[in-house]
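The structure under discussion appears below in the form of C-alpha cells.
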Amino acid sequence: MAGLLRASEEGLRIVDMVRRNLDWNKTEDAWCLAALVSKATLKRFWARTGIRRENFINICKAVEIENWEYIAEGYEIQQTEPLLAAAMTDLPASGEPAQSFPLPDKLPPAHTPTGRAQELETLKAHILDTHPGENPTGICIVGLTGTGKTTLANQLIRQLHTEKAPFAAAAWATLRSPTGKPLPFDTIADSLSLALSSTDPPNPSQLPGFGGIEAGSPQDNCLKKTENLLKLLQEKPCLVVFDGVETVLKTGQAQGAGYFAEDCAEYAWLFKQLAETEHQSTIIFTSRETLAELPQRETHTLTLTGLDAEAAVALLQSFHLTATPTELHELQARYRGHPKSLELVAALIRDDSEYGGKVGRFLQDRDWLLTRDIESILDEVMERLSDGERTCLCRLSVYQTSEYPLTCAGIAAQMPEVSRYDLKENILQALKRRQLLEYDRERESYQLHPLIREKAGHILYKNPEAFRTAHRQAYHYFITLPLKPESEWNDIEDIKPVLRAHYHASQAEDWEEAERIIAWMDECLRRWGYGDDKLSLSLLYHTSQVAVNLDCEVREILGTSEE
C-alpha cells in the first residue's frame, strides 16, 4: 500500500542495538508515548510489516535515530559501524549512569523525610510505569490541610532527581499568593515555559504585555501559552508540579466543590489540556480538594491521610521531647498522625515553660486537641464551605463516632430541611471532595477527622439553640432505631442506641426524655431480677452512670447543692 514503510533487516538490527542501550524492551510504553504510536504498531514495526510513514519516522526518532531513511527497506547501507555511532550520538554508554534532570529553581527547601515511603513508591511506580497498563498523564495528591502534600511532592522530585529518572527538565509552580488568591495565569505559564525551555530565555520586551509586541485578547493569550507549554511537554519528557491547586477551585458552593472557579477559566483550560493531550511528560497537582473536572482515566489520585504510628512517633521524637513510648503513641493517636498538628503540638510542648518538654504533662493537662495555631489553619478550610456544608458539619460534630457508627440516616436526621438528593449529591459529596468527611468501607460508616469534629463543635457551641437542636435531632434518631427482641439481648451493644439517645437528650437539656430512658433501663433490671449475667451487670453499671450524670446536670441547672 502506498505511503507505508517497513524496516530492513540491517536497519532493524541497528534499532535493536539502540533500544538495548536505552534498556527498553521492544514494546516499551515510554517508546510508544514518545513516538505517539500504539504497542500494536511497534509490534508490526518489529515484524517488518508495513506501517504508516509518519509512525515509522516517529519510532526511529524516539530512539534518537534522525536518519530514519537508513532504517527503511530500499536504502542501501554501506558502512554499518559509522551509522551506529551516528545513531547513538548523545546516548549514555552501556553501564554508564544517565544524566539527571536539574532540580527546579522554585523547589521549596528540603525537609526531614516524614515517613511517606509507601506513598513515594506508589507515585514513582505510576510515574515510571512499573505498573503494567497504567501510565497516567496527571497525578493528584489530595488531602486535608496539613497532611504534607507539598512535602511529599518535594520529596518525590528530589528522589527522582537522585535516581536519575528519565526526565529532561522539571518545573515547580506554586499557585498560592500572599493574598490567598491564585497567581495570575500569565505569570505561571510564562514561568513554566522559561523553566522547561532548553533555549535562551526570550527578551521580555518581545512578550505580550511588556511594552513590546501588541498583546492579543486574554483568550488568545491563554490558548497560545497553553499551546506553547504542550509543545514543550511533547518535545521532551518533563516533570511539572502545580502546588496548591485548591486556590483556583470554587468556594462557598456545595455543588461547585472540586470544580474550577469562573474567574480561573484559563487554569481550567490549561489543566484539562495537560491531562487530555498526549505527551511524554508527567504533571503533578497538589490540592486540599479533589479535582472533579480532570478526566479520571488520564489522572491518578492519591489521597493522603495521617502518618502511620511509627512515622508519627519518629516525627515527635525529632523534637527531643521527654516522654515514654506509651505517651508518644497516645499523643500521635489523638491527632491520628496529622503531621502539621503534631509539629505544632510538639513545638508547644518543647517551648512552653508550662510543659517543659514533657509529653505526659501535656496529655494530663488537656482533654481537647485544638491549639490556636492549629485552629488558624482550619479556619481557612471552614471559610471555603457553603452555609449548607458548614451547618451539616457542625451538626455532625455532636455524634461520637467512636461510640456508634455514623450512617447516612444519622446524617439525614440532622438535615431535615434539605432533600435526601441534595444532601447526598451536593452537601456530602462536597464535604468528601474537601477531605472533611470520609467513608470507612470496613465499618460501613462515615468518619470525621477528630480535628474537624472539634473545630465544628466549637462553632456549634457558640450558638446554644443550634447546639441543643443538633443534640435533640440526634436523640430522635437514636431513640427510633429498632432493637433486637429482648430475648436476644446478650451484650450492652444490643441496646447501645438507647444509651446514645440518653446522652443526646441530656445534652439537649430534654430532662423528661432523659429520665424516661433511665426509667426504662430500671424496668429492664427489675424484670431481670438484677441477674449476674453479663448484660444485666453491664446495664446496671450504665444505669448508675447515666443516673449520676443526669443528677449532676439537673442539679447544675437548678443551682442546688449536692446535699
Side-chain angles (χ1 to χ4, degrees), residues 142-147 180-181 244 246-262 287-292 336 338 340-341 368-401 406-439 445-477 504 507-508:
V142 300
L144 180 65
T145 178
T147 50
K181 297 181 179 180
E246 74 278 352
T247 56
V248 300
L249 303 181
K250 290 182 179 179
T251 63
Q253 303 176 37
Q255 61 269 39
Y259 288 86
F260 295 106
E262 286 81 358
S287 175
R288 295 174 184 172
E289 301 179 8
T290 301
L291 306 182
R336 280 179 51 180
H338 188 264
K340 188 62 177 179
S341 295
W368 64 89
L369 299 174
L370 299 181
T371 66
R372 182 58 255 173
D373 289 337
I374 296 176
E375 276 205 273
S376 66
I377 65 175
L378 296 181
D379 285 339
E380 299 176 14
V381 175
M382 302 301 289
E383 289 173 359
R384 297 180 62 85
L385 305 183
S386 65
D387 291 341
E389 292 173 82
R390 190 178 296 105
T391 298
C392 183
L393 203 61
C394 290
R395 292 179 183 175
L396 294 186
S397 69
V398 304
Y399 289 117
Q400 296 177 314
T401 54
L406 177 59
T407 64
C408 191
I411 299 175
Q414 290 292 353
M415 300 294 290
E417 68 272 25
V418 302
S419 69
R420 198 67 173 264
Y421 175 87
D422 190 35
L423 176 65
K424 188 79 172 179
E425 297 299 328
N426 290 326
I427 295 177
L428 296 188
Q429 182 72 280
L431 291 175
K432 288 191 290 185
R433 283 178 175 169
R434 299 193 202 278
Q435 313 303 311
L436 302 179
L437 184 69
E438 59 180 300
Y439 187 79
S445 64
Y446 291 90
Q447 295 288 321
L448 283 175
H449 193 284
L451 293 173
I452 297 299
R453 179 177 181 270
E454 190 169 302
K455 175 63 178 177
H458 283 187
I459 297 173
L460 183 67
Y461 190 75
K462 292 177 181 178
N463 186 331
E465 184 54 37
F467 177 82
R468 287 191 293 271
T469 297
H471 278 288
R472 190 172 297 117
Q473 290 173 162
Y475 159 76
H476 286 294
Y477 165 67
H504 290 293
Q507 293 295 312

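Just so it is clear, the structure is predicted and the values come from calculations on it, not from any experiment.
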If you define the side chain from C-beta out and look only at heavy atoms, does anything of Ser386 sit under 4.5 Å from Gln253? no
Looking at Asp379 and Arg372, is there a salt bridge between them, counting it only when a charged N and a carboxylate O are closer than 4.0 Å? yes
Are the side chains of Thr145 and Glu380 in contact, using a 4.5 Å heavy-atom criterion? no
Heavy atoms only: give me the nearest Cys392-Ile427 pair and the separation to one decimal. CB-CG2, 3.8 Å
First locate atom OG of Ser397, then atom CD1 of Ile452, and finally report the distance between them rounded to the nearest 0.5 Å. 11.0 Å
Charged N to carboxylate O below 4.0 Å: is that the case for Glu289 and Arg384? yes
One should read off an interatomic distance between Thr147 OG1 and His338 NE2, to the nearest 0.5 angstrom, of 6.0 Å
Are the side chain of Glu454 and the backbone of Leu369 linked by a donor-acceptor contact shorter than 3.5 Å? yes
Measure the shortest side-chain to side-chain distance between His504 and Val398 over non-hydrogen atoms and say whether it is less than 4.5 angstrom. yes
Contacts of Arg390 that satisfy salt bridge (charged side-chain N to carboxylate O under 4.0 Å, His left out) - sequence neighbours left out: Asp387
Ser376 side chain vs Asp373 backbone, donor-acceptor pair below 3.5 Å: yes
Return yes if some donor-acceptor pair links the side-chain N/O of Gln414 with the main-chain N/O of Ala470 below 3.5 Å, else return no. yes
Side chain proximity check, Asn426 to Val418, heavy atoms < 4.5 angstrom: no
Test item: Gln435 side-chain N/O and Arg433 main-chain N/O as donor-acceptor pair under 3.5 Å: yes
So do Leu437 and Leu428 actually touch side chain to side chain, heavy atoms under 4.5 Å? yes
With a 4.5 Å heavy-atom cut-off, do Leu370 and Lys455 have their side chains touching? yes
Closest non-hydrogen atoms of Thr401 and Tyr446, given as atom of the first, atom of the second and distance, are CG2-O, 4.2 Å
May I ask you to check whether Phe467 and His471 place their ring centres under 6.0 Å from each other? yes
Compare every heavy atom of Val381 with every heavy atom of Leu385, then report the nearest pair and how far apart it is. CG-O, 3.8 Å
Taking all non-hydrogen atoms of both residues, which atom of Gln473 and which atom of Ala413 are closest, and how far apart? CB-O, 3.6 Å
With sequence neighbours left out, the residues meeting salt bridge (charged side-chain N to carboxylate O under 4.0 Å, His left out) with Arg468 are Glu465
CZ on Phe260 to CG on Leu249, rounded to 0.5 Å: 6.0 Å
Would you call Leu393 and Met382 a side-chain contact if the rule is heavy atoms closer than 4.5 Å? yes
Starting at CG of Leu378, measure out to CG of Leu451 and round the result to the nearest 0.5 Å. 6.0 Å
Where is the tightest heavy-atom contact between Thr391 and Met415, given as atom of each residue plus distance? CG2-SD, 4.2 Å
Which pairs, with at least one residue in residues 406-427 and sequence neighbours excluded, count as a salt bridge (charged side-chain N to carboxylate O under 4.0 Å, His left out)? Arg395-Glu417
Would you find more than 12 non-hydrogen atoms of other residues, nucleotides or ligands less than 6.0 Å from Tyr439 atom OH? yes
Straight-line distance of Glu438 CD to Leu144 CG, nearest 0.5 Å: 9.5 Å
Can any side-chain N or O of Tyr399 pair as donor or acceptor with the backbone N or O of Gly410 at less than 3.5 Å? yes
Lys340 atom NZ: more than 12 heavy-atom contacts under 6.0 Å: no
Once you round to the nearest 0.5 Å, how far does CZ of Arg453 lie from CG of Leu396? 10.5 Å
